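We're numbering straight along the sequence, starting at 1. Nothing here was measured: the structure is a model prediction, and the numbers come from that model. Because only heavy atoms are used, hydrogens play no part in the values below, and waters and symmetry mates are left out as well, while side chains stay in.
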Amino acid sequence: MKKTLRLTALSVIVILALGLLSGCGESSGSQQAQTDGKNFSFWCVMDGFSQASLKNYNEMLFYQKLEEATGVHIDFIHPIEGSTGNEAFIAMLTSEKMPDLIEYNWSEYSGGPTQALDDDVIISLNDYLEDHAPNYYDYMEGEKAKAHDYTWKLQATTEDGRYYGFNVLDIGTKQCANGIFVRADLLKKWGMEIPETIDEWSAVFAKAKAEGFSKPFTCVLAYLNFTADTHQSFNTAFDVGMGFYLEGDKVVYAPFQPGYKEYVAQMAEWTKLGYIDTGFVTNDGAKVESNLYNDVSIAACGFVGSAIGKILPAGQGKNPEFDLVGCPYPVPEKGGIAQFQHINPSATELAISITPQCGNYEKAVEWCDFIYGKEGMEYQLFGVEGDTYTMVERDGEMHYQYTDKVVKNYEAEGLSSISESLYHYMLPTNHPGINQHPDYFYGYYELDRQKEAFRTWNIYSKYAIKHALPRLSYSTEESREITDIKEIAEAELEVAICDIILGKKSINTYDDAIKAAKANGYDRWIEIVQGSYDRFCAKK
């Protein structure tokens, strides 16, 4: 097998190979056992939440039920505590004995999944899916695929059309779990509605300032600047997104669009008026939380879980009236539509892949496929009916609902949070299988305000999805070009925009900053992204 993984620090590989991998017991499967498909070795990094209570995945309810249903035993190989996933991955690839299965984010492999296939690190599944993976094949090539315009297939194959593993497949209609939120108790006290337009937000901030809130809006850098297309805030009121996105079939870059200059000018005006926390360049989450707890700020941006789920109960501990509500993404005018928000990829490059050393490709494919069917999906996302979930009727439909054992009484199992509890029993999200099931979200979010925010931040998702770029892949040379451009131009442009927002420079310097960014390689960067997107579309 060719092991030409392009990673640095190769001098430590031997040490890593000797010390960083720890199997959960020696494999009990002989070559014959591997050949008849009853035993496979599986290298994967344990979920961080699972590690709080489990030593390996064989202790997890999901994998125990999976073994009962399939008759296949898995010998898990996890990196030892304290080693990073990439270090252990290098060590695994250079070890004498490769596992049968690997779970890895193949975008982290130099050259991506295409190169991993070409290096014979993993095998192509094209000859096996139709006959041995009916559930997964349905999402890729069957009726489910047709109904969704082959969305999953396009993001779960290489540019030359090869299937490299069993990916994380997003089936969710709710795409976004982050946005703007505001003190609902104060709006009620002041007789004001939840703001939707820039004028309404200006009125709320002016009132907050008059009431003694020195920095009405607080956030971290990612929510105000152009570099993170996963975060959107007040830019949506100017019909412009963040980062790279689509206008039809054309790739555009937010700061080069007219609406972005208008957005930056508005942020600069709010900063001048004292509405924006000027510490956004260096703020971390703790600082944002502190500003809200201590009546410095009334609004911020963040996630349903780590922001609202954390800040709301803590704030109520200090002030029983403290309340937060998620706000719709700002619109250009009352009754309008916000065209942008974060959109999850339909499939991620985190996948369970099969190595050439596997003794029985067909049986390995069948085992992986099980979690994409109804029974396997239930085990992975919800566990066992009557134990970790029940079925309840809501809005005329039946839904999965986690039991109190999972979401309320988890401390009895020595667990400290709902997250630890969920990942003690199963792997409900961000792992190969079905992702973003709506019943998972409504079970995971404890507070009504979290559920409300989740719905609110997704009211425009059907419009935003038209602008969202899929997960794209690049050649090694293209990746190098992008890295070079980022090193030369990205920080310079970010500083220029931040300086305008902070009032250090005039909005009149904006056009010169954009001109410099284009000259320093941004036009080429757009060209590279466009080329990758065109290749992506050609796979249909």
- Query: Do other residues, nucleotides or ligands put more than 12 heavy atoms under 6.0 Å from the NZ atom of Lys451?
  - Reply: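 Correct, the count exceeds 12.
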- Query: Would the number of heavy atoms belonging to other residues, nucleotides or ligands and lying under 6.0 Å from CD of Glu321 be above 12?
  - Reply: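 Open: at most 12 neighbouring heavy atoms sit under 6.0 Å from CD of Glu321.
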Would you say the side-chain atoms of [X] pair up with the backbone N or O of [Y], donor to acceptor, closer than 3.5 Å?
X      : Y      : result
Asn58  : Ile74  : yes
Thr390 : Gly386 : no
Thr218 : Val288 : no
Tyr361 : Pro356 : yes
His467 : Leu246 : yes
Gln450 : Val304 : yes
Ser461 : Asn458 : yes
Tyr164 : Ser353 : no
Thr114 : Gly111 : no
Thr355 : Pro99  : yes

Strictly by modelled atom types, are [X] and [Y] linked by a side-chain donor-acceptor pair under 3.5 Å?
X      : Y      : result
Thr429 : Asn435 : yes
Tyr445 : Asp448 : no
His73  : Glu67  : yes
Ser473 : Glu159 : yes
Tyr136 : Asn167 : yes
Thr151 : Asp149 : no
Tyr63  : Gln380 : no
Lys318 : Asn294 : yes
Ser416 : Glu420 : yes
Ser41  : Asp100 : yes

Does some side-chain heavy atom of [Y] sit less than 4.5 Å from a side-chain heavy atom of [X]?
X      : Y      : answer
Ser50  : Met60  : yes
Val72  : Trp367 : yes
Val121 : Leu93  : yes
Met46  : Leu54  : yes
Thr348 : Asn105 : no
Val407 : Glu446 : no
Leu324 : Val182 : no
Ile352 : Ile102 : no

Would you confirm whether the ring centroid of [Y] sits within less than 6.0 angstrom of the ring centroid of [X]?
X      : Y      : result
Tyr109 : Tyr104 : no
Phe234 : Trp201 : yes
His437 : Phe382 : yes
Phe441 : Phe454 : yes
Phe340 : Tyr329 : no
Phe89  : Trp106 : yes

- Item | From CA spacing to verdict: side chain to side chain contact (heavy atoms under 4.5 Å, CB included), Lys310, Glu289 | CA-CA 9 Å; Lys310 180 179 180 181; Glu289 294 166 18; 3.4 Å; yes
- Task: Could you give me the CA-CA distance, side-chain angles and deciding distance for Phe181 and Val325, then say whether side chain to side chain contact (heavy atoms under 4.5 Å, CB included) is met?
- Result: CA-CA 5 Å; Phe181 54 90; Val325 62; over 6 Å; no
- Test side-chain hydrogen bond (donor to acceptor under 3.5 Å, both in side chains) applied to Ser421 and Tyr402, step by step: CA-CA 11 Å; Ser421 180; Tyr402 294 115; over 6 Å; no
[atom2] on [Y] to [atom1] on [X], rounded to 0.5 Å:
X      : Y      : atom1 : atom2 : value
Ile123 : Cys358 : CD1   : SG    : 7.0 Å
Ile465 : Cys176 : CD1   : SG    : 12.0 Å
Asn178 : His342 : CG    : NE2   : 6.5 Å
Tyr400 : Glu385 : OH    : CD    : 8.5 Å
Tyr128 : Tyr137 : OH    : OH    : 16.0 Å
Ile180 : Cys301 : CD1   : SG    : 4.5 Å

In terms of the angle between their ring planes, are [X] and [Y] parallel, tilted or perpendicular, with boundaries placed at 30° and 60°?
X      : Y      : answer
Tyr223 : Phe303 : perpendicular
Tyr533 : Phe536 : parallel
Phe76  : His78  : parallel

Salt bridge present between [X] and [Y] (N-O < 4.0 angstrom):
X      : Y      : result
Lys363 : Glu366 : yes
Asp439 : Arg394 : yes
Asp323 : Arg183 : no
Glu59  : Lys55  : no

- Task: Kindly determine whether Val220 and Phe280 satisfy side chain to side chain contact (heavy atoms under 4.5 Å, CB included), including the steps that lead there.
- Result: CA-CA 5 Å; Val220 298; Phe280 70 84; over 6 Å; no
- Are Lys144 and Tyr139 in a cation-pi contact, defined as NZ or CZ under 6.0 Å from the six-membered ring centre and within 45° of the axis? yes
- Query: How far apart are the C-alpha atoms of Glu452 and Arg455, what are their side-chain angles, what is the distance that settles it, and do they pass the salt bridge (charged side-chain N to carboxylate O under 4.0 Å, His left out) test?
  - Reply: CA-CA 5 Å; Glu452 291 170 9; Arg455 287 190 290 266; 5.2 Å; no
- Message: Taking side-chain hydrogen bond (donor to acceptor under 3.5 Å, both in side chains) as the criterion, tell me which of Tyr150, Trp152, Tyr163 meets it with Glu141.
- Response: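 Testing Glu141 for a side-chain hydrogen bond (donor to acceptor under 3.5 Å, both in side chains) against Tyr150, Trp152, Tyr163 leaves exactly one candidate, Tyr163.
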- For Asp47, which residues count as a salt bridge (Lys or Arg N to Asp or Glu O under 4.0 Å) partner, sequence neighbours excluded? none
